[in-house]
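Comments concern the structure below.
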Amino acid sequence: MDIQEELFDASAEPYIVGGIKAVFYQNPSNFYKVLLVQITETNCDYKEQEIVVTGSFGQIQEEEVYRFYGKLVDHPKFGMQFTSTRYHQEKPTSIEGLIHYLSGDKFPGIGEKTAEAIVDALGEEAIDRINADPDVLVQIPQLNQKKRDTIVEVIQQSNGMEKIIIGLNQYGFGSQLAYSIYQTYQEKTLEIIQENPYQLLEDIEHVGFKKADAIAEQIGIKADSPMRIKAAILFSLNELCLSNGDTYTYAEQLLTKTIEVLESSRSFLIEPESVADEIVHLIDENKLIEDNGKLYIRSLYAAEWGITASIHHMLENSSKIKYSQDIDKEIKIVEKTFNIQYGKSQKEAIKKAVQSPIFILTGGPGTGKTTVLNGIVTLYAELNGLSLDVEDYTEEKPFPILLAAPTGRAAKKMNESTGLPSSTIHRLLGLNGSENQAGEQAEKELSGGLLIVDEMSMVDTWLANQLLRAVPSGMQVLLVGDKDQLPSVGPGQVLHDLLASQKVPSMELNEIYRQGDGSSIITLAHSIKNGELPADFLKPQRDRSFFNCSTFQIEEVIRQVVTKAKAKGFTAQDIQVLAPMYRGPAGIDALNKMLQDIFNPNDTGRRKEVSFNNKVYRIGDKVLQLVNYPEMNVFNGDMGEIVGITYAKETEDKVDEIVIRFDANEVTYKRSEWNKITLAYCCSIHKSQGSEFKMVILPMVKNYHRMLRRDLTYTAITRASELLILCGEPQAFHESVMKSSADRLTTLKERIMGEEESIKSPTDENATKITVVPESKEPVSSVTDQPVQLSMDQENESPQNGLPKEYKLTISKVNNEEVDPMIGMEGVTPYQ
DNA sequence: CTTGTCCA
């Protein structure tokens, strides 16, 4: 068996073997290539002679024959092609093939006759034999020393990849890591690792310090070597900043963390002084930035300043935006076109936005950001005499309004709500994932008159810098988002800081248009946003209720609520259970299993089902997409339904297949792609961002631990458009609301405000950090200090329910089915 | 402990 196949376990994987006819495209900054391949062998259902193969490849020789592993993809623009995840050069196997290979361009000076002589002497195993012992060539009289060297060199080079992979294996890298390391360094792999194993920390994701340090030890790098200490410092800085979302840290914390990293990797005592010395050296070398006692990751320091410069530059252009038309009059025309009436603040936002070089539109869910966004687009087009018909534009004259968002799903939603083309920010900027995070490479400037970015709260410091830097002079920018929702995955809190600086014109929408009057969900959301839990938090309301229970009772409580709701006509699509984490008794995985049994059981045991990763899938299951498939218009976070399951023996490729329907289109997933989906009856709060559900069920228990955060709770409850059912421990809700997330350490706000950095010591900073957390709130602590009893005051609360005065929701009553778990919601059905 | 993006 081929070494690679063994390594990557690729038994029934689709492959294509063929010669390279042309290299259509190669990205100079990474290994991405588009190749035209003349097929000689394949196990795919593909009848043409040629196919386009895309992927990351090292050196690709035209005319050479390669074996590509991957899958067929129907690209909307380029048709059927093969996306390859790994490949290797094919060794010639037949005698004729071998002769052809040896007499080819690769071996200068070797003709057909010489090649024949080599194969005559060494047989079909010639290549392996030369590899094993180059001296076997001496027996061939046609070859002089120079030709022998050429042959050996070329053969060893193409054998290099296998050697490198074996080498990586010996260093203890599994197939996955070995592969990504090889993809990055190619033939230089072993050289780079031997020179400085710590380089892996900078270049390869998922390589930890211990791993790199183990190799370093193996090749004799001493425990107190400056190289090792420096690597540990930079690694610790990254860990500290990225785990908290901060853009800087303090020397003391960095020192402590570094020593911890070093000493937990090798048992060797490290002097704090030597770490401190190396921190100073790194600052001198400009690999670490020190500013007013703060230590920054270089790229983040640059990005904060970059954003600041861009913003200031835009603001200087304020006076250049002038319209001859009467804007108020034009807004009236827009209102007429859409047949709506904007609220006062909405009107003001539209007016300000078209007149500002950069403008922030913010507001919670349901406040009409989308409506205003559409108004701004229409008014902008009106004022500038632009057509909004995409057909009127060409490649030379591109559409002048750019729409983008940090996630594929948000971009898709933008496209649906505006009818205009939109894309991810990455795609807009032409980022391809191989850039370093600093984005220090040259990038293209955008063209157009207006750039609109939605879900700005999810844009991190690096991306914001790259985006704003690509904005040309004169292009207006509109940033839209909700600063209280989940922050970016990457470091920083750009939207928050821009708003806090008060330098950028902005408008916050407060009026709720989505929910009807008297929604207590919105009131609750407002309190949570401000770090409070309202006094009536535990009392059943018309549109929400609370079940007090422990971690281990969550499953049973939710089972009963959902069973009841289902009987009332709520479907799996109407009800969404949200949890912050996957594992544990009250985790997403456990709840999904239970919910699947309610909504889509296999009672008879005779239904078609397939299992994967401890999960069972059946037709009718509600599933969640976990990655982007832009060509299918399906994105990370989209929900669909399984509409078909085909067992391996019934499919052409002999692999199990699942067909999932999303809104309009159906997508087929082979077993190898099943890790791209999961059950969706319960999903993570993160994945729910950007969606809305009639009924949201939200468990909160202390077991969720570090996931108890205000932004998560706020995001979760604001997903509910009609009903919200909370369950769990009141103390857990309390904790989550107390834990503010908008306390990432950043200096963007100060930079934009142009304030002299006040010299703060770490203790000062800690003090400010503490004040960010609101003072203890009386109503909450009084609720949480004692065992909670849910009581309903008959006089004030829903007397129409005719409930007894003392009505306690306890788990035993729920268990005995003495109470209706949808208490207080009698009149509510999904169809009202 | 969870979360995002990428190529003619």
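Proteins come first, then strands; the chains are lettered A, B, ... in the order of their sequence lines, and each starts at number 1.
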Hey, which of these two, A:Thr54 or A:Met458, hits DNA chain B nearer its 5' end, going by closest nucleotide?
A:Met458
Using whole Å, report how far CG of A:Asn628 lies from C1' of B:dT3.
13 Å
Figure out the CD/C1' separation between A:Gln625 and B:dT3, and round it to whole Å.
16 Å
Applying side-chain contact (heavy atoms from CB on, under 4.5 Å) between A:Ser422 and each of A:Leu402, A:Ile401, A:Asn415, A:Ile452, report the one that passes.
A:Asn415
Value in whole Å for how far the P atom of B:dC7 lies from CZ of A:Phe24:
18 Å
Nucleotide B:dC6, atom P - distance to CD of A:Glu631 in whole Å:
11 Å
Between A:Glu304 and A:Thr746, does any side-chain donor sit less than 3.5 Å from a side-chain acceptor?
no
Checking side chain to side chain donor-acceptor pair (under 3.5 Å) between A:Asn636 and each of A:Gln625, A:Lys687, A:Arg409, which is the one that passes?
A:Lys687
In whole Å, I'd like the distance from the CG atom of A:Leu429 to the P atom of B:dT5.
14 Å
What is the distance, to the nearest angstrom, from the CG atom on A:Asn703 to the P atom on B:dT2?
12 Å
Identify which nucleotide among B:dC6, B:dT3, B:dC1 has an atom closest to any side-chain atom of A:Met581, counting heavy atoms from C-beta outward.
B:dC1
Between B:dT3 (P) and A:Gln689 (CD): distance, integer Å:
12 Å
From the set B:dT3, B:dA8, B:dG4, return the single nucleotide nearest to any side-chain atom of A:Ser684.
B:dT3
Options B:dC1, B:dT3, B:dC7, nucleotide nearest the side-chain atoms of A:Met707
B:dC1
Of A:Leu578, A:Ile575, A:Ile554, A:Leu726, which is the lone residue that meets side-chain contact (heavy atoms from CB on, under 4.5 Å) with A:Ile697?
A:Ile575
Taking NZ, NE, NH1 and NH2 as the nitrogens, is one of them in A:Lys71 or A:Glu673 under 4.0 Å from a carboxylate oxygen of the other?
yes
For A:Gly408, which contact category applies under a 4.0 Å heavy-atom criterion: base, sugar-phosphate, or nothing?
sugar-phosphate
For A:Tyr582, answer base if it contacts any base atom (sugar-phosphate contacts may also be present), sugar-phosphate if it contacts only those atoms, and nothing otherwise; contact means non-hydrogen atoms under 4.0 Å.
sugar-phosphate
It should be established whether A:Lys687 places a side-chain nitrogen or oxygen under 4.0 Å from OP1 or OP2 of nucleotide B:dT2.
no
Let me spell it out: for each of A:Gln81 and A:Ser488, pick the nucleotide of DNA chain B with the closest heavy atom. Which residue's pick is nearer the 5' end?
A:Ser488
Nearest-angstrom distance from the residue atom CZ of A:Phe635 to P of B:dT5
9 Å
So does A:Arg583 get a side-chain nitrogen or oxygen closer than 4.0 Å to the phosphate oxygens (OP1/OP2) of B:dC1?
yes
Determine the contact category for A:Asn636: base if any of its heavy atoms lies under 4.0 Å from a base atom, sugar-phosphate if only primed atoms, P, OP1 or OP2 are that close, otherwise nothing.
sugar-phosphate
May I ask you to verify if any side-chain N or O of A:Arg427 is less than 4.0 angstrom from the OP1 or OP2 atom of B:dT5?
no
